[in-house]
Amino acid sequence: MSIDAVTAPVNRSSEGAPVDHEVVVIGAGMAGMYQIKRLMDLGVDALCLERDADLGGTWYKNRYPGARFDSESYTYGYSWDRELLEEWHWVERFSPQPETLRYLNHVADKFNLRDKIRFNCGVTAMTFDEDGPLWRLTLTDGSEMTCRFVLTALGVLSIPTYPKIEGMESFQGPAFHTFDWPAEPVELKGKRVAVIGTGATAIQAIPEIAKEAEQLVVFQRRPNWAAPLNNGLISDEEMADIRRRYDEIFAQCRRTAAGFEHDADRRGFWNVSREERMELWDRLYDGPGFGIWLQNFLEIFLDEAANAEFSEYIADRIRQRVKDPVLAEKLIPKDHGFGIQRVPLETNYFEAYNRDNVTLVDLTETPIECITPTGIRTTAGEMPFDIIVYATGFDAFTGAFDRIDITGANGQKLRDKWADGPVTYLGLLVSGFPNMIMLAGPQIAATNFPRAIEPAVDWATDLLEHTWATGHNRFDTDAAAEQAWVDDVARGYSLVLSGRAQSWITGYNSNLSGHEYGKTRYNVYQGGAPRYMAKIQSVKDEGFSGVEFAG
Ligand code: NAP
């Protein structure tokens with residue numbers, strides 16, 4: 001890339017009303033950073049708008065103790081620059097948040113990405129103007145900006161869901177969602193801390209908070225299945241080996257359904273003996289990362305009897321780790337099987353409950369009545385706290401879109417179109433919302449995140465290039481192609497046990513947007529990454545079938 005290409009960006013659409021920028025990318029997390037890099041390389045006049053004070057998205061915001069990847073670090077990094085791969089040493093097998101943020105800053109510095117990112121600049125509204133054609137963006141400072149194309153990189157878990165509990169605002173001490181964990185150090189020593197929620201985030205944070213706090217009380221509505229992360233340091237020799245194998249590692253990630261190195265055991269659950277199953281599970285339980293979930297028998301995801309047998313295996317492991325048998329039973333999910341919801345990985349989570357300073361409150365027995373100025377009152381009485389931590393999850397996938405007042409062609413609101421759940425073409429386009437591409441939108445493949453967003457960014461860039469090369473300045477997807485995709489996504493939910501889970505995959509936590517509780521929202525494509533990637537590739541090979549070009 002020449003420096004001139006960066007400093008002298010061009011508008012590539014030959015026709016159309018003048019715009020401030022040819023392309024605006026919203027969000028400077030992993031997807032937005034790669035997208036702006038691709039556009040800089042093409043010499044396109046593009047700007048990235050970031051609502052936060054700095055880049056990193058998920059890894060900028062999630063500063064809670066214990067925050068780290070559940071993906072092997074070296075499968076999570078960007079794959080598109082050989083020099084970057086060669087020079088970066090991942091310190092831990094599952095990188096902690098500070099290291100990941102350092103990595104992203106290193107990437108930004110190396111490729112001068114900050115030149116093209118405007119910080120503290122959120123988008124509150126965007127309206128498509130057919131006459132341009134162009135998008136009119138309203139920014140958080142009230143100013144307006146126009147562009148031909150908008151690429152959204154809003155993050156899939158970027159809108160925290162605070163619970164709605166009476167008296168929350170009256171609490172006099174610090175109280176925050178894990179996503180809003182303060183940047184300045186939070187003193188936990190000598191403090192009485194409450195954690196509400198027991199999802200993947202809480203399961204990472206609880207053992208860390210327990211080490212510091214004088215007293216930790218965990219408020220659990222439903223327990224989650226969890227298994228050991230088995231983290232470790234990566235030595236110089238291992239890192240050298242990883243660098244040698246990067247091509248092979250990424251190729252393997254492309255082959256597997258979830259974009260990890262781990263691949264399912266295809267011997268057939270019922271074709272092997274119980275002893276052989278146990279031998280596999282013992283090995284996986286002591287092995288790293290998502291092996292316990294993704295290297296397991298495929299039947300775990302599809303067959304209730306297989307799932308039940310394996311869930312009982314994990315339940316026994318929990319019983320072995322938690323000293324108090326009554327408490328152990330409370331920590332074992334009874335309403336869903338292992339792996340049906342996204343599996344949290346943990347380091348000493350269950351052992352945390354063996355500590356004298358940690359207590360579990362089972363909210364099915366003693367629900368929270370209210371939050372008081374000095375604590376939390378359940379039906380069993382009031383408990384005093386100095387700090388309340390809400391680990392209550394996210395308004396996933398569509399929440400970030402709902403927070404922007406998006407108006408497409410003919411005055412249609414995206415919020416209205418998605419009132420019953422997201423409707424997209426390939427998770428990338430939305431019919432009636434021309435010149436908008438979602439880089440990490442609903443209904444893309446659920447994978448090790450960067451392994452899905454890199455192809456999404458490449459696909460989006462190819463679509464823009466195609467539009468420019470064919471002399472057009474407007475594209476939209478046709479409604480029939482969109483409906484076929486939505487049907488395909490919905491079909492996927494009917495085939496897997498997780499399609500019925502009470503989790504953010506089904507939109508269970510989207511209450512803040514006013515969505516109906518308990519109504520399935522088809523948030524992700526369940527057909528696996530290879531099938532998804534093949535689909536978007538074939539659409540591209542067909543000259544972007546299902547997309548109409550104009551202008
Ligand atoms: P989550 O899985 O949605 O869990 C939210 C928790 O809060 C659940 O235990 C939920 O209970 C509870 N909760 C919600 N509202 C409540 C209320 N009013 N009263 C009491 N409890 C309430 O959210 P998360 O833990 O933040 O995880 C979300 C996703 O983020 C994960 O699945 C994962 O994909 C991602 N994540 C990734 C990593 C990583 O890569 N290492 C780490 C953390 C998170 P119910 O189950 O009863 O609803």
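Note that ligands are numbered from 1 as they come in the structure, with each ligand's atoms numbered from 1 the same way.
- In this structure, the ring of W504 has its center less than 6.0 angstrom from the ring center of F397.
- Looking only at side-chain heavy atoms (C-beta outward), V107 and Y34 stay at 4.5 Å or farther from each other.
- Taking Y425 as the reference, nothing meets the ring-ring contact (aromatic ring centres under 6.0 Å, His included) condition, with sequence neighbours excluded.
- Contacts between T392 and ligand 1, counted as non-hydrogen atom pairs separated by less than 4.0 Å, involve both the backbone and the side chain.
- On a distance-only criterion, W504 and ligand 1 share at least one N/O pair closer than 3.5 Å.
- A salt bridge is defined here as a Lys NZ or Arg NE, NH1 or NH2 lying under 4.0 Å from an Asp or Glu carboxylate O, and E208 with K211 meets this definition.
- Residue contact check: Y64 has heavy atoms under 4.0 Å from atoms 42 (C), 43 (C) of ligand 1.
- Side chain to side chain, N357 and R355 meet the donor-acceptor criterion of an N or O pair below 3.5 Å.
- Close approach of ligand 1 to L363 is summarised as follows: ligand atoms under 4.0 Å from at least one heavy atom of the residue are 20 (C).
- For ligand 1, the atoms closer than 4.0 angstrom to any heavy atom of R68 are 39 (C), 40 (O), 41 (N).
- Within the set H177, R342, E346, H336, the minimum heavy-atom distance to atom 38 (C) of ligand 1 is found for R342.
- In N62, neither the side chain nor the backbone holds a heavy atom less than 4.0 Å from any atom of ligand 1.
- The backbone and the side chain of R222 each have at least one atom closer than 4.0 Å to an atom of ligand 1 (non-hydrogen atoms only).
- Annotation: A202 places no N or O atom under 3.5 Å from an N or O atom of ligand 1; distance criterion only.
- Under 3.5 Å, the side chains of T198 and N224 contain no donor-acceptor pair of N or O atoms.
- Under the ring-ring contact (aromatic ring centres under 6.0 Å, His included) criterion, F250 pairs with Y246, sequence neighbours left out.
- Close contacts between ligand 1 and G197 involve ligand atoms 6 (C), 7 (O), 9 (O), 12 (C) [criterion: under 4.0 Å to a heavy atom].
- Considering backbone and side-chain N/O of T201, one or more are found under 3.5 Å from N/O of ligand 1.
- Between A391 and ligand 1, an N or O atom pair is found at a separation short of 3.5 Å.
- Residue F394 has at least one heavy-atom neighbour below 4.0 Å for each of these atoms of ligand 1: 26 (O).
- Looking at R221, Q341, Q97 and measuring to atom 19 (N) of ligand 1, the nearest heavy atom belongs to R221.
- For the residue pair D180 and Y64, no side-chain donor N or O sits within less than 3.5 Å of a side-chain acceptor on the partner.
- Between the side chains of W281 and N296, a donor-acceptor pair is found at a separation under 3.5 Å.
- No donor-acceptor pair under 3.5 Å is formed between the side chain of R377 and the backbone N or O of C370.
- At least one heavy atom of F69 sits less than 4.0 Å from an atom of ligand 1.
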